[in-house]
Amino acid sequence: MRSPKDFFAPLAVGAPAPVREIPASPSRMIHFFDPSNEKMAAKVPDLAAKTDVLLGNLEDAVRADRKEAARAGLVSIAKATDFGATQLWTRVNSLDSPWVLDDLITLVTEIGDKLDVIMVPKVEGAQDIHYVDRLLAQLEARAGLRRPLLVHAILETASGVANVEEIAGASPRMQGISLGPADLAASRRMKTTRVGGGHPGYLVRSDPAGDDLHSGRTTYQQDLWHYTVARMVDACVLHGILPYYGPFGDIRDVVACEDQFRNAYLLGCVGAWSLHPVQIDIAKRVFSPEPKDVAWARRVIAAMGDGTGAVMIDGKMQDDASVKQCRVVAELADALAARDAELKAAYDKATEEALA
Ligand code: GLV
Ligand code: MG
């Protein structure tokens with residue numbers, strides 16, 4: 001057992017002190033790019049201007065014979081690009097792969113000062129985070145880094161889900177967790193071949209109206225990921241880190257993608273992955289509260305004064321608990337508005353109208 005007193009001590013002599021709080025910078029979309037693809041690499045500066053997080057992917061979707069090119073590509077892109085307020089993340093190869101050791105050594109040594117977060121795939125339990133934690137401390141010390149790298153786990157193994165609370169609390173470096181529905185489906189032997197989203201076979205059906213079992217029975221498709229997302233959100237909140245929905249593979253189906261993202265948003269996630277530029281706009285729309293909700297939240301906060309007691313607004317009861325719900329929305333809106341003038345204008349306009 002590790003003493004709580006040691007939790008915030010560096011794990012290697014000369015490594016930077018661990019953070020005590022996870023920065024709440026916007027991360028509505030984690031946009032994936034393949035650094036081995038030169039055409040994609042050329043678009044990075046433009047993408048940086050419209051995304052909260054850009055992630056150089058080294059793991060799945062990068063062919064085995066392109067792994068080294070992807071790693072080297074990420075190093076040169078990171079050195080050559082000014083990312084402004086956009087965070088740079090990477091997804092390294094899995095801990096059992098032949099590439100991950102060189103991924104970590106090269107990236108921390110060469111561009112550790114440019115990287116914000118290292119996403120670790122296929123995390124099975126706290127032991128995986130402990131391994132990465134110590135190794136990063138050693139590499140940071142050697143590279144003379146002043147700021148610790150943060151770690152993000154992908155929840156994509158059945159054992160990871162069983163251990164999600166201990167993963168979330170395994171290190172002060174833990175920044176967040178994303179759902180990885182493709183690997184998770186395979187690990188659990190779920191019978192879906194889709195990358196995220198629902199499945200028409202996973203449904204509920206209303207009772208029969210008479211003797212005919214087939215007619216007049218409404219069915220609703222259910223969300224295959226509800227349980228896991230909700231469990232992940234609780235584990236993240238328990239440990240003060242951030243939950244995310246992962247990939248939605250049907251790029252063409254922007255409607256279902258938006259639904260999946262919104263379900264995650266409503267359940268507490270702060271962002272999702274975007275695998276194609278079209279998904280950047282979807283994530284931006286979904287993970288920014290709507291102006292009318294922000295206006296309502298601000299109105300309730302103003303009416304509730306010191307936040308205690310009860311008031312009626314438009315026939316709806318508000319009290320100490322509902323003002324807290326409103327603060328969640330209003331604080332997120334303020335944080336996003338600080339970076340996005342268009343959103344700020346929309347929030348302020350809606351608030352003025354609501355208060356008029
Ligand atoms: C993501 O990595 C997934 O497996 O869904
Ligand atoms: Mg995966």
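Ligands are counted one by one from 1 in listed order, and the atoms in each one are counted from 1 as well.
Under a 3.5 Å cut-off, the side chain of R147 and the backbone N or O of D113 do form a donor-acceptor pair.
Using a 4.0 Å cut-off to heavy atoms of D183, the atoms of ligand 1 that qualify are 3 (C), 4 (O), 5 (O). Each of the atoms 1 (C), 2 (O) of ligand 1 lies under 4.0 Å from some heavy atom of W273.
Residue-and-atom listing of protein N/O/S atoms under 2.8 Å from the Mg ion (ligand 2), sorted by chain and number: E156 OE1, D183 OD2.
Salt-bridge check for E290 with R285: failed, with every basic side-chain N at 4.0 Å or more from each acidic carboxylate O. Comment: D334 engages R298 in a salt bridge, judged by a side-chain N to carboxylate O separation of less than 4.0 angstrom. A salt bridge links D348 to K344: at least one charged side-chain nitrogen sits closer than 4.0 Å to a carboxylate oxygen. Using a 4.0 Å cut-off between a side-chain N of Lys or Arg and a carboxylate O of Asp or Glu, R173 and E140 qualify as a salt bridge.
With hydrogens left out, the protein atom closest to atom 5 (O) of ligand 1 is A182 N, 2.8 Å, a heavy atom. The shortest contact between atom 1 (C) of ligand 1 and any protein heavy atom is with E156 OE1, 3.4 Å.
Applying the 6.0 Å contact sphere to CZ of R142 captures no more than 12 heavy atoms from other residues, nucleotides or ligands.
No close placement of the W273 and Y244 rings is indicated, their centers lying 6.0 Å or farther apart.
Contacts with ligand 1 closer than 4.0 Å are made by no heavy atom of P121, backbone or side chain.
Taking the six-membered ring for Trp and thresholds of 30 and 60 degrees, F261 and Y245 have ring planes inclined between 30 and 60 degrees apart.
A heavy-atom separation below 4.0 Å is found between R91 and ligand 1. The closest approach between any non-hydrogen atom of G246 and ligand 1 is not below 4.0 Å.
Looking at every heavy atom in both residues, P148 comes nearest to A17 through CG-O, 3.4 Å.
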